[in-house]
Amino acid sequence: MSENSKRIVATVLLVTDGIGEQLDMAHVAIGGTNASTLVPASRIAEDTGVPVNELPGRKFGALWTIGEDDEELSDFRLLNDPRIYRG
């Protein structure tokens, strides 16, 4: 199985609440493409320290891995953190 990975900019469009035992899912647009995908919101929150309810509208660097049968976004890093003053 061959896999290709590259760093991309991912924008969280919205987070939907999981029902019952299902996870909250982040709808993520993949920069430079017309593609989007679903990612467990907890994965992004754990990687970045950003609470799930603050994910929508934020941009992240991420590793996009494309395999023969599926794709995955991982290793999220917050870009342009507005909580940090750079004055």
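Residues take their numbers from the sequence shown, with the count starting at 1.
Between the OG atom in Ser5 and the CD atom in Glu72 there is a gap of 9.0 Å [rounded to 0.5 Å]. Here Ile44 contributes atom CD1 and Phe60 contributes atom CZ; the two are 6.0 Å apart, rounded to the nearest 0.5 Å. Between the CG atom of Leu73 and the CD1 atom of Ile8 there is a distance of 5.0 Å, given to the nearest 0.5 Å. For the atom pair NZ (Lys6) and OG1 (Thr65), the distance works out to 11.5 Å, reported to the nearest 0.5 Å.
Contact of the His27 side chain with the Thr16 side chain is registered, since non-hydrogen atoms from C-beta on lie closer than 4.5 Å.
At a threshold of 4.5 Å between side-chain heavy atoms, the hydrophobic network of Ile, Leu, Val, Met, Phe, Trp and Tyr places Val28 and Leu63 in two separate groups. Linking ILVMFWY side-chain heavy atoms closer than 4.5 Å, directly or via other members, places Leu13 and Leu55 in two distinct hydrophobic clusters.
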How far apart are the C-alpha atoms of Arg77 and Thr48, what are their side-chain angles, what is the distance that settles it, and do they pass the side chain to side chain contact (heavy atoms under 4.5 Å, CB included) test? CA-CA 6 Å; Arg77 300 289 176 249; Thr48 64; 5.7 Å; no
Evaluate Arg58 against Thr11 for side chain to side chain contact (heavy atoms under 4.5 Å, CB included), listing each step before the verdict. CA-CA 6 Å; Arg58 298 271 177 102; Thr11 303; over 6 Å; no
Arg7 and Asp75: side chain to side chain contact (heavy atoms under 4.5 Å, CB included), yes or no, with the steps? CA-CA 9 Å; Arg7 297 294 302 179; Asp75 192 29; 2.8 Å; yes
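In this structure, Asp24 contributes its side chain and Gly18 its backbone to a donor-acceptor pair below 3.5 Å.
Between Ala10 and Ala62, the closest heavy-atom pair is CB-CB, 4.4 Å. In plain terms, the two heavy atoms of Asp47 and Phe76 that are nearest each other are OD2-N, 3.0 Å. Scanning both residues, Leu79 and Gly61, for their nearest heavy atoms gives CG-N, 3.5 Å.
Cluster note: Met25 groups with Leu23, Leu38 through ILVMFWY side-chain heavy atoms spaced under 4.5 Å, whether in direct contact or through intervening members.
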